[in-house]
Amino acid sequence: MRLVNRHVIITGGSSGIGLATARQLVIRGASVSLIARNRAGLAEAAELLRPLARKHGQRVEIATADVTRQSDIQQAIGDLINRSGPCDVLITSAGASHPGYFEHLDDAIFREMMEVNYFGTLYAIRAVVPQMIARRLGAVVAISSVAGLIGVFGYTAYAPAKFAVRGLMESLRQEMKPYNITLSIAYPPDTDTPQLAYERQFKPQEATRISGTIKPISAEQMARSIVRGIIKRRFAITADTQSAMLVRLSGVVAPVLNHMFDRSVRQVRREREISEGHSLSS
Ligand SMILES: NC(=O)c1ccc[n+]([C@@H]2O[C@H](COP(=O)([O-])OP(=O)(O)OC[C@H]3O[C@@H](n4cnc5c(N)ncnc54)[C@H](OP(=O)(O)O)[C@@H]3O)[C@@H](O)[C@H]2O)c1
C-alpha cells in the first residue's frame, strides 16, 4: 500500500511503538491521528511530529479516549475521520502489561489485561471496518506480542489477551480479504519503551532468566518493520530473527523452547532455595 496522503489512525500513538510508528509514517507522507488517554502526552507527541509533516501538507491530529470504553473510542475515531478524512489504515497499539506470579496477581488484573489489550483492539477495529468495507479499501495492524505466540512464565494475565488478538486477526483476515482490506498482526519482542520499564518492576525472577541476555530492540526498529509490513501487505510482522522463526515454526519450536524455559525456572528455584534456606515446593 502507498502511504503518501493516507490517513492513519493509531491507538496508543502518544508513546513507545505507536509514536515511533507515527513518526515513520509521517516521514513517508501519511497524515496521522493519535489516540490515548492523556492529553498532555498526545499534545507532546503531536509537537514532535508536526515539523515532519510539512512536506506533503499532511495533518497530525489527536483525540483522547480510553480504548476500553467502546463509546469513547467510537466517538474519537468519528471525530478524527471528520477532521482528516476516512481512515485508510488503523494501527491498534494501545496496550498494557502486568506480569507477576499467578497466585499473587489480583483478579482485577486479568480482567484489565483483557479489556485494554483485547477489547481495546476489537472496539477500534469495529469502529473503522464498516467504512472500509463500503470503500473497498483499508488496512488494519494489531499489535500483539511474542507472548501472543508462546506462553511465558509470569505472563498469565497478559499472554491470553495477546493470544486473543491473534485469534481475532487470523479469523477476521479471511472475512476482510474479499473487500480489499488487508489485516496484519505485529509480534514485538521486548522493546525499549515506557511499558517495558513499567513491567520490569513486576517481572518474576524466572521470567527475567527466560529472557536471558536478549537485548530489547528499539521502538524505531519495530516501527520500521510495521511500516514495511503495511507497504508490503504482510500478515505477520516481526522485527527480529527469533520472532520471525517463532511465527514460522511456532508449532514445532514451542516444545523445544518450553523445555529451555522449564530448565531456567528450575535453576532460579534451586538458587532461591539455597539463598532462602527452605524448599519452595513445601
Ligand atoms: N514494549 C514491549 O516490550 C512490547 C512487547 C510486545 C508487545 N508490546 C505491545 O506493543 C503495544 C505498545 O506498547 P509500548 O511498549 O509502546 O507501550 P507504551 O510506550 O507504554 O505506550 C502505550 C500507549 O498506549 C496508550 N494506552 C494505554 N492504555 C490505554 C487505554 N486504556 N486507552 C487508550 N490508550 C491507552 C498510552 O497512552 P495513555 O497512557 O495516555 O493512555 C500510550 O500511548 C502494546 O500493545 C504492548 O502490549 C510491547
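Since the model is a prediction, treat every value here as computed from it, not as a measurement. Values below: all heavy atoms of this structure, side chains included; hydrogens, waters and symmetry mates excluded.
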More than 12 heavy atoms from other groups under 6.0 Å of [atom1] on [X]:
| X | atom1 | result |
| --- | --- | --- |
| Met260 | CE | no |
| Arg83 | CZ | yes |
| Arg126 | CZ | no |

When you measure from the side chain of [X] to the backbone N and O of [Y], does any donor-acceptor pair fall under 3.5 Å?
| X | Y | answer |
| --- | --- | --- |
| Asn180 | Arg136 | yes |
| Asp190 | Leu196 | no |
| Thr193 | Ile17 | no |
| Asp106 | Ile109 | no |
| Gln58 | Val32 | no |

Please determine if [X] and [Y] form a salt bridge, counting it only when a charged side-chain N lies under 4.0 Å from a carboxylate O.
| X | Y | answer |
| --- | --- | --- |
| Arg135 | Asp88 | yes |
| Arg166 | Glu170 | yes |
| Arg50 | Glu61 | no |
| Glu271 | Arg209 | yes |

Subject >> side-chain contact (heavy atoms from CB on, under 4.5 Å) between Arg111 and Asp107, intermediate numbers included >> reply: CA-CA 7 Å; Arg111 195 163 288 280; Asp107 285 340; over 6 Å; no
Original post:
Ile125 and Leu168: side-chain contact (heavy atoms from CB on, under 4.5 Å), yes or no, with the steps?
Top reply: CA-CA 10 Å; Ile125 295 175; Leu168 170 69; 4.1 Å; yes
[X] [atom1] to [Y] [atom2] distance, which is reported to the nearest 0.5 Å:
| X | Y | atom1 | atom2 | value |
| --- | --- | --- | --- | --- |
| Thr64 | Leu34 | OG1 | CG | 12.0 Å |
| Arg269 | Ile274 | CZ | CD1 | 13.5 Å |
| Asn38 | Asp66 | CG | CG | 12.0 Å |
| Cys87 | Ile9 | SG | CD1 | 4.0 Å |
| Leu80 | Arg59 | CG | CZ | 10.0 Å |

**OP:** Sequence neighbours left out, what passes ring-ring contact (aromatic ring centres under 6.0 Å, His included) with Phe163? Give chain and number order.
**Re:** none
Original post:
Hey, what's the ring geometry for Tyr101 with His104, parallel, tilted or perpendicular (30° and 60° as the breaks)?
Top reply: perpendicular
Original post:
Does any pair with a residue in residues 183-202 pass ring pair (Phe, Tyr, Trp, His ring centres under 6.0 Å), and if so which ones, sequence neighbours excluded?
Top reply: His98-Phe202, Tyr198-Phe202
Could you tell me whether the side chains of [X] and [Y] share a donor-acceptor contact shorter than 3.5 Å?
| X | Y | result |
| --- | --- | --- |
| Gln24 | Arg28 | yes |
| Glu115 | Tyr123 | no |
| Lys162 | Ser97 | no |

**OP:** Name all pairs fulfilling the side chain to side chain donor-acceptor pair (under 3.5 Å) condition that reach into residues 229-253, sequence neighbours left out, sorted by first residue then second.
**Re:** Thr182-Arg233, Asp240-Ser243
Original post:
Which heavy-atom pair separates Ser144 from Ile185 by the least distance, and what is that distance?
Top reply: CB-CD1, 3.6 Å
**OP:** Carefully, step by step, assess Phe110 and Phe102 under the rule ring pair (Phe, Tyr, Trp, His ring centres under 6.0 Å).
**Re:** CA-CA 10 Å; Phe110 287 84; Phe102 179 72; 5.7 Å; yes
Original post:
Linking I/L/V/M/F/W/Y whenever any side-chain heavy atoms sit under 4.5 Å apart, do Leu42 and Ile35 land together?
Top reply: no
